[in-house]
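In listed order, ligands and their atoms are each counted from 1. Source: prediction; values computed, not measured. These values consider heavy atoms only, across backbone and side chains, with no hydrogens, waters or symmetry-generated copies.
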Amino acid sequence: MDHVTERKWDNAVRGYDLMNGYGPEWRWAPWKRQLFSAMEGKVLFVAVGTGQDIQFFPPGCEITAIDISDRMLARARPKAEQYDGRLELRHRDVHDLDYPDATFDQVFTSCTFCSVPDPVNGLRALRRVLEPGGTIGMFEHTGSRFFPFGMMLDLMTPLTRRLGPELNRDTPANVRQAGFVDVRVEPVYLDVVKVIHAVNPD
Ligand SMILES: C[S@@+](CC[C@H](N)C(=O)[O-])C[C@H]1O[C@@H](n2cnc3c(N)ncnc32)[C@H](O)[C@@H]1O
């Protein structure tokens, strides 16, 4: 477990729902609902945070939702208890998963790979626990190729990474580098917010 990252996100819990809960969740709700509607089989969700995404999970699924921050998980617990299906919350570091190989049929993420310290190795760890042929579905914000957004995100990242996420990551490239195939990117907003689909090769 990476305790530096754990502490950072434990500290970020204060104000998290206020900052992210209302506007952003309302705005991105249709995209998230659509992405998560494909959940089936054994699903790994990374990282659940305070549980804002749980409202978009379709009922009746079998989901293991992990996060590195116990404080985030404590906020997620009441929402998880309301979920109409099997939803287990687990305190785990994505770089250090103790699940056997090929445990899960699908992986989903939501504003996750802006935040984990080593995204390519985190994604490789997900490939190990995902069935060969299994899919990953990601709702992520990334850097942008558009001027001036890309430059602004580069300038802001040294500050934001101290308190929370990095704003300028190239997550589609990281997904490819980690060995996923059939990577498909759906632009959501300004080349910054994206839905990414990919497959774990056989
Ligand atoms: C920006 S928040 C997103 C949370 C939630 N998905 C949402 O959209 O509100 C990023 C989350 O990643 C978690 N995280 C960061 N590094 C992690 C790691 N190495 N393993 C598991 N979770 C991690 C943080 O604790 C935090 O809850």
Side-chain angles (χ1 to χ4, degrees), residues 1-36 39 43-57 63-80 83 87-99 104 107-129 136-143 153 156-157 159-169 171 174 178 188-189 192-196:
M1 178 77 62
D2 165 359
H3 295 295
V4 173
T5 301
E6 182 184 26
R7 237 181 342 266
K8 176 170 91 169
W9 286 100
D10 277 350
N11 290 334
V13 80
R14 215 169 335 127
Y16 187 89
D17 282 336
L18 197 64
M19 290 268 294
N20 299 281
Y22 303 102
E25 284 314 304
W26 172 80
R27 187 169 189 190
W28 309 129
W31 293 91
K32 290 188 172 188
R33 196 170 277 116
Q34 167 73 26
L35 175 65
F36 302 150
M39 284 180 172
V43 173
L44 177 64
F45 189 86
V46 192
V48 72
T50 61
Q52 290 179 9
D53 296 305
I54 294 172
Q55 60 187 310
F56 306 121
F57 294 173
I63 304 167
T64 302
I66 66 165
D67 203 283
I68 200 169
S69 161
D70 245 345
R71 287 206 198 154
M72 290 276 182
L73 289 170
R75 291 280 173 95
R77 202 146 285 122
K79 297 168 196 131
Y83 175 65
L87 173 54
E88 292 179 345
L89 301 185
R90 293 285 177 259
H91 186 212
R92 295 284 189 285
D93 183 339
V94 71
H95 302 103
D96 194 15
L97 296 173
D98 55 358
Y99 300 105
F104 299 98
V107 173
F108 287 86
T109 73
S110 173
C111 301
T112 301
F113 278 93
C114 52
S115 301
V116 307
D118 184 347
V120 173
N121 280 325
L123 285 156
R124 287 192 180 125
L126 291 179
R127 280 192 55 210
R128 184 187 68 74
V129 299
I136 185 168
M138 312 171 77
F139 182 90
E140 298 285 345
H141 65 83
T142 68
L153 296 169
M156 287 157 68
T157 291
L159 179 64
T160 62
R161 79 156 65 93
R162 292 168 60 179
L163 306 170
E166 300 196 4
L167 303 181
N168 63 352
R169 292 216 176 141
T171 300
N174 291 339
V188 176
Y189 184 67
V192 174
V193 183
K194 294 168 182 149
V195 171
I196 304 164

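- Between the choices Val46, Thr50, Ile68, the shortest heavy-atom distance to atom 17 (C) of ligand 1 belongs to Ile68.
- The shell of residues lying under 4.0 angstrom from ligand 1, judged by heavy atoms, includes Arg92.
- With ligand atoms numbered from 1 in the order given, ligand 1 contributes 5 (C), 6 (N), 7 (C), 8 (O) to contacts under 4.0 Å with heavy atoms of Asp53.
- Within ligand 1, the atoms closer than 4.0 Å to a non-hydrogen atom of Asp93 are 18 (C), 19 (N), 20 (N), numbered from 1 in the order shown.
- Relative to the six-membered ring of Tyr189, Arg27 meets both conditions, a distance below 6.0 Å and an angle of at most 45° to the axis.
- The shortest N or O to N or O distance between Val94 and ligand 1 is under 3.5 Å.
- Here Thr142 contributes atom OG1 and Asn168 contributes atom CG; the two are 9.5 Å apart, rounded to the nearest 0.5 Å.
- Assignment of Ile66 to the shell around ligand 1 is not supported, since no heavy atom sits closer than 4.0 Å.
- Two residues are said to be in side-chain contact when any heavy atoms from C-beta on lie closer than 4.5 Å; Thr5 and Asp93 fail this criterion.
- Close approach of ligand 1 to Ser110 is summarised as follows: ligand atoms under 4.0 Å from at least one heavy atom of the residue are 3 (C), 5 (C), 6 (N), 8 (O).
- Considering backbone and side-chain atoms together, Thr112 places no N or O closer than 3.5 Å to any N or O of ligand 1.
- Under the 4.5 Å side-chain criterion, counting only non-hydrogen atoms from C-beta, Leu126 is in contact with Phe113.
- Between Phe45 and ligand 1, no pair of N/O atoms sits closer than 3.5 Å.
- Taking the side chain as every heavy atom from C-beta outward, His91 and Glu6 approach each other to under 4.5 Å.
- Taking all heavy atoms of Asp2, Val116, Asp67, Asp10 into account, the minimum distance to atom 25 (O) of ligand 1 is reached by Asp67.
- Checking only distances, Trp9 never comes within under 3.5 Å of ligand 1, N or O to N or O.
- Less than 4.0 angstrom separates some heavy atom of His95 from each of these atoms of ligand 1: 19 (N).
- For the pair Thr5 and ligand 1, the shortest N or O to N or O distance does not fall below 3.5 Å.
- Atoms CD1 and CD, from Ile63 and Glu88 in turn, are 10.5 Å apart once rounded to the nearest 0.5 Å.
- Other residues, nucleotides and ligands contribute only 12 or fewer heavy atoms inside 6.0 Å of the CD atom of Gln34.
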Could you walk me through whether Phe36 and Phe45 pass the ring-ring contact (aromatic ring centres under 6.0 Å, His included) check? CA-CA 10 Å; Phe36 302 150; Phe45 189 86; 5.6 Å; yes
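- Taking 4.5 Å as the limit, some side-chain heavy atom of Ile136 sits within range of a side-chain heavy atom of Leu123.
- The atoms of ligand 1 that sit less than 4.0 Å from any heavy atom of Gly49 are 4 (C), 27 (O).
- Arg169 and Pro119 make their closest contact through NH1-CG, 3.7 Å (heavy atoms, listed as atom of the first residue, atom of the second, distance).
- Checked by distance only, ligand 1 and Ala47 come closer than 3.5 Å through their nitrogen or oxygen atoms.
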